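In what follows, residues are counted from 1 in the order of the sequence shown. None of these values were measured; they are calculated from a predicted model.
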Amino acid sequence: MRITPTNNRRLRDNINVAIAQETNATQAVQYFRKQLEVEFGMPVVFEPLQSNSVAGGTVRPYWDQRTDVRQHSISLNPCEKWARPHKLAHELMHISLECEAHAAGKRMTCGMSPQTPARLLTLCDHPPKPDDAQLINKIASCAKNTTVDMVVEARLQRELPAIAAAQFAGLHLFDSVSRSSLQGWQVSPILRQALEALVAVRSLFVDTCFPDPSHVNFDRFRGTPAGDLAEKLFAEFKTRFDRGMQPGEHYELMNRHAEIIGLPDLHSWSPEPAFRLPQPAPSLSAVLNDLGIA
């Protein structure tokens with residue numbers, strides 16, 4: 001993420017603070033990483049990404065690794081040095097959520113069943129619009145990321161104050177450049193409204209938890225059907241978070257958010273990892289032993 005000049009004074013001030021505090025913030029994030037490694041008994045490895053992206057990066061917990069290497073992996077996109085502690089902390093908190101759920105015996109893998117798109121299309125116009133199927137996939141990804149990212153960022157605000165300035169600036173900049181546009185898409189109203197509600201709740205979250213009086217991101221949604229849904233999404237999140245979310249409860253929140261936007265059972269769940277590791281072929285002696293020949 002490259003920073004362009006901004007006329008927002010509070011945003012500029014936070015960027016300057018983040019620059020000044022980058023060393024301390026980096027140390028705090030590394031300590032957070034070590035805490036996770038000690039508490040859950042597995043290393044966290046940072047791997048660079050080659051492509052640029054608005055998003056901070058990607059994370060793959062050990063259970064979803066494609067190889068039998070016992071580690072959690074984080075790939076971070078290139079970004080400004082001052083922004084890096086927040087980006088790393090964000091991905092580490094994703095790891096923390098999954099480790100906590102795993103330790104409690106509640107970790108699940110989220111996906112979309114082959115039957116889901118066809119079922120959701122029955123909620124759309126008849127016949128469905130040309131881009132409805134494609135938008136369903138887009139919404140599924142956006143719904144998962146939006147819901148869990150709210151939990152992640154709220155946890156970081158509470159538990160890692162050393163990155164506060166970078167977090168404030170990063171979230172406001174991300175919200176200003178990542179607004180999904182469906183201009184030119186031919187989609188059913190229920191899907192368009194669902195995606196707009198997800199974009200709107202992200203803005204409402206930033207405005208509420210990281211307020212900037214000089215710029216209100218949610219204003220453009222206020223009083224619209226998507227804005228009304230966003231307020232319900234945020235209220236559900238806030239109620240759960242304020243009372244203290246239990247390990248694995250972010251999965252329940254994802255399901256509830258899908259219901260609120262009118263797409264129940266959008267997410268499919270499995271206790272199995274996303275990528276099953278190949279099992280080694282049995283040795284000849286083991287096969288003979290199973291047959292009672294050895």
Checklist line | Any side-chain heavy-atom pair of W63 and P271 under 4.5 Å | finding: no
Note to self: Would you say V148 ends up clustered with M112 if hydrophobic residues are merged whenever their side chains have heavy atoms under 4.5 Å apart, either directly or through other cluster members?
What the structure shows: yes
Notebook entry, point to check: If you measure only the distance, is there a donor-acceptor pair under 3.5 Å linking the side chains of H90 and D149?
Noted result: yes
Checklist line | Shortest non-hydrogen separation from A28 to A162 and the atoms involved | finding: CB-CB, 3.6 Å
Checklist line | E37 bridged to R33 by N-O distance under 4.0 Å | finding: yes
Notebook entry, point to check: Excluding sequence neighbours, so at least two apart, what forms ring-ring contact (aromatic ring centres under 6.0 Å, His included) with H86?
Noted result: none
Checklist line | Side chain proximity check, I260 to L229, heavy atoms < 4.5 angstrom | finding: yes
Next item on the list: Look up atom CG in L171 and atom CG in D207, then write down how far apart they are to the nearest 0.5 Å.
Entry: 11.0 Å
Next item on the list: Could you tell me the separation between the CG atom of L135 and the SG atom of C124, rounded to the nearest 0.5 Å?
Entry: 8.5 Å
Next item on the list: Any chance you could lay out the side-chain contact (heavy atoms from CB on, under 4.5 Å) test for M245 and E100, step after step, and finish with the verdict?
Entry: CA-CA 11 Å; M245 294 185 68; E100 290 166 1; over 6 Å; no
Next item on the list: Name all residues meeting the side chain to side chain donor-acceptor pair (under 3.5 Å) criterion together with R222; count only those two or more places apart in sequence or in a different chain, and write none if there are none.
Entry: D219
Notebook entry, point to check: Could you walk me through whether E91 and I95 pass the side-chain contact (heavy atoms from CB on, under 4.5 Å) check?
Noted result: CA-CA 7 Å; E91 305 305 335; I95 291 289; over 6 Å; no
Next item on the list: State, to 0.1 Å, how close A200 and A226 come at their nearest heavy-atom pair, and which atoms those are.
Entry: CB-O, 4.3 Å
Margin query: Enumerate the side-chain hydrogen bond (donor to acceptor under 3.5 Å, both in side chains) contacts for residues 118-136, please, sequence neighbours excluded, ordered by first and then second residue.
Written below: D132-S188
Margin query: For residues 14-40, which residue pairs pass the ring-ring contact (aromatic ring centres under 6.0 Å, His included) check, not counting sequence neighbours?
Written below: none
Next item on the list: Taking the side chain as every heavy atom from C-beta outward, state whether M254 and C110 have any atom pair closer than 4.5 Å.
Entry: yes
Item checked: Which residues share a salt bridge (Lys or Arg N to Asp or Glu O under 4.0 Å) with D13, sequence neighbours left out -> none
Next item on the list: Decide yes or no for P213 and R10: does some side-chain heavy atom of the first lie under 4.5 Å from some side-chain heavy atom of the second?
Entry: yes
Next item on the list: Enter the distance from L263:CG to Q193:CD here, rounded to the nearest 0.5 Å.
Entry: 10.0 Å
Margin query: Ignoring hydrogens and geometry beyond distance, is a side-chain donor-acceptor pair present between T26 and Q30 at under 3.5 Å?
Written below: no
Item checked: R243/E249 salt bridge by N-O under 4.0 Å criterion -> yes
Next item on the list: Provide the closest heavy-atom pair for S73 versus Q71 in the form atom of the first, atom of the second, distance.
Entry: OG-NE2, 3.4 Å
Margin query: Please check: side-chain N/O of T146 versus main-chain N/O of C142, any donor-acceptor pairing under 3.5 Å?
Written below: yes
Margin query: Can you pull out every side-chain hydrogen bond (donor to acceptor under 3.5 Å, both in side chains) where at least one residue sits in residues 157-170? Sequence neighbours excluded, please.
Written below: E153-Q167, R155-E159
Check: Looking at Q246 and G244, what are the two nearest heavy atoms and their distance?
Finding: NE2-O, 3.3 Å
Notebook entry, point to check: Is any side-chain heavy atom of S141 less than 4.5 Å from a side-chain heavy atom of N145?
Noted result: yes
Check: Are N255 and W269 close enough that a side-chain donor and a side-chain acceptor fall under 3.5 Å?
Finding: yes
Item checked: Partner residues of K106 under the salt bridge (Lys or Arg N to Asp or Glu O under 4.0 Å) criterion, sequence neighbours left out -> none
Check: Side-chain contact, heavy-atom cut-off 4.5 Å: N217 with H215?
Finding: yes
Check: Can you tell me how far NE2 of H257 sits from CG of L253, rounded to the nearest 0.5 angstrom?
Finding: 4.0 Å
Item checked: Note, N77 side chain near K87 side chain (heavy atom, < 4.5 Å) -> no
Note to self: Would C209 and F241 count as a side-chain contact (heavy atoms from CB on, under 4.5 Å) here? Give the steps.
What the structure shows: CA-CA 12 Å; C209 299; F241 188 82; over 6 Å; no
Next item on the list: Walk me through it: do D265 and T116 pass the test side-chain contact (heavy atoms from CB on, under 4.5 Å)?
Entry: CA-CA 8 Å; D265 300 319; T116 297; over 6 Å; no
Item checked: Closest non-hydrogen atom pair, L156 against A89 -> CD2-O, 3.7 Å
Margin query: Between E272 and T109, is there a side-chain donor-acceptor contact under 3.5 Å, judged purely by atom types and distance?
Written below: no
Note to self: If the condition is salt bridge (Lys or Arg N to Asp or Glu O under 4.0 Å), which residues does E231 pass it with, not counting sequence neighbours?
What the structure shows: none
Item checked: Spatial distance of atom OG1 (T147) from atom CD (E236) [nearest 0.5 Å] -> 10.0 Å
Notebook entry, point to check: V17, F168: one ILVMFWY side-chain cluster at the under-4.5 Å cut-off?
Noted result: no
Next item on the list: Give, for atom OG of S203 and atom CG of L198, the distance between the pair rounded to the nearest 0.5 Å.
Entry: 11.5 Å
Next item on the list: Describe, in one word, how the ring planes of F237 and F205 are oriented to each other, choosing from parallel (under 30°), tilted (30 to 60°) and perpendicular (over 60°).
Entry: perpendicular
Notebook entry, point to check: What pairs meet the salt bridge (charged side-chain N to carboxylate O under 4.0 Å, His left out) rule with one or both residues in residues 184-201, with sequence neighbours excluded?
Noted result: none
Margin query: Could you work out, with side chain to side chain donor-acceptor pair (under 3.5 Å) as the rule, every residue matching Q21, not counting sequence neighbours?
Written below: none
Notebook entry, point to check: Can you name the nearest heavy-atom pair linking L123 to G262, along with the distance?
Noted result: CD1-O, 3.6 Å
Next item on the list: Identify, with sequence neighbours excluded, every residue that meets side chain to side chain donor-acceptor pair (under 3.5 Å) alongside E259.
Entry: R256
Margin query: Same cluster or not: L36 versus F46, using hydrophobic residues (I, L, V, M, F, W, Y) connected whenever any side-chain heavy atoms lie under 4.5 Å apart?
Written below: yes
Next item on the list: Mind checking side chain to side chain donor-acceptor pair (under 3.5 Å) for R60 and listing every partner two or more places apart, or none if nothing turns up?
Entry: none
Check: Using the ring of each side chain (for Trp, its six-membered ring), is H72 parallel, tilted or perpendicular to Y62, with breaks at 30° and 60°?
Finding: perpendicular
Margin query: Any carboxylate oxygen within less than 4.0 angstrom of a Lys/Arg side-chain nitrogen, looking at E252 and R240?
Written below: yes
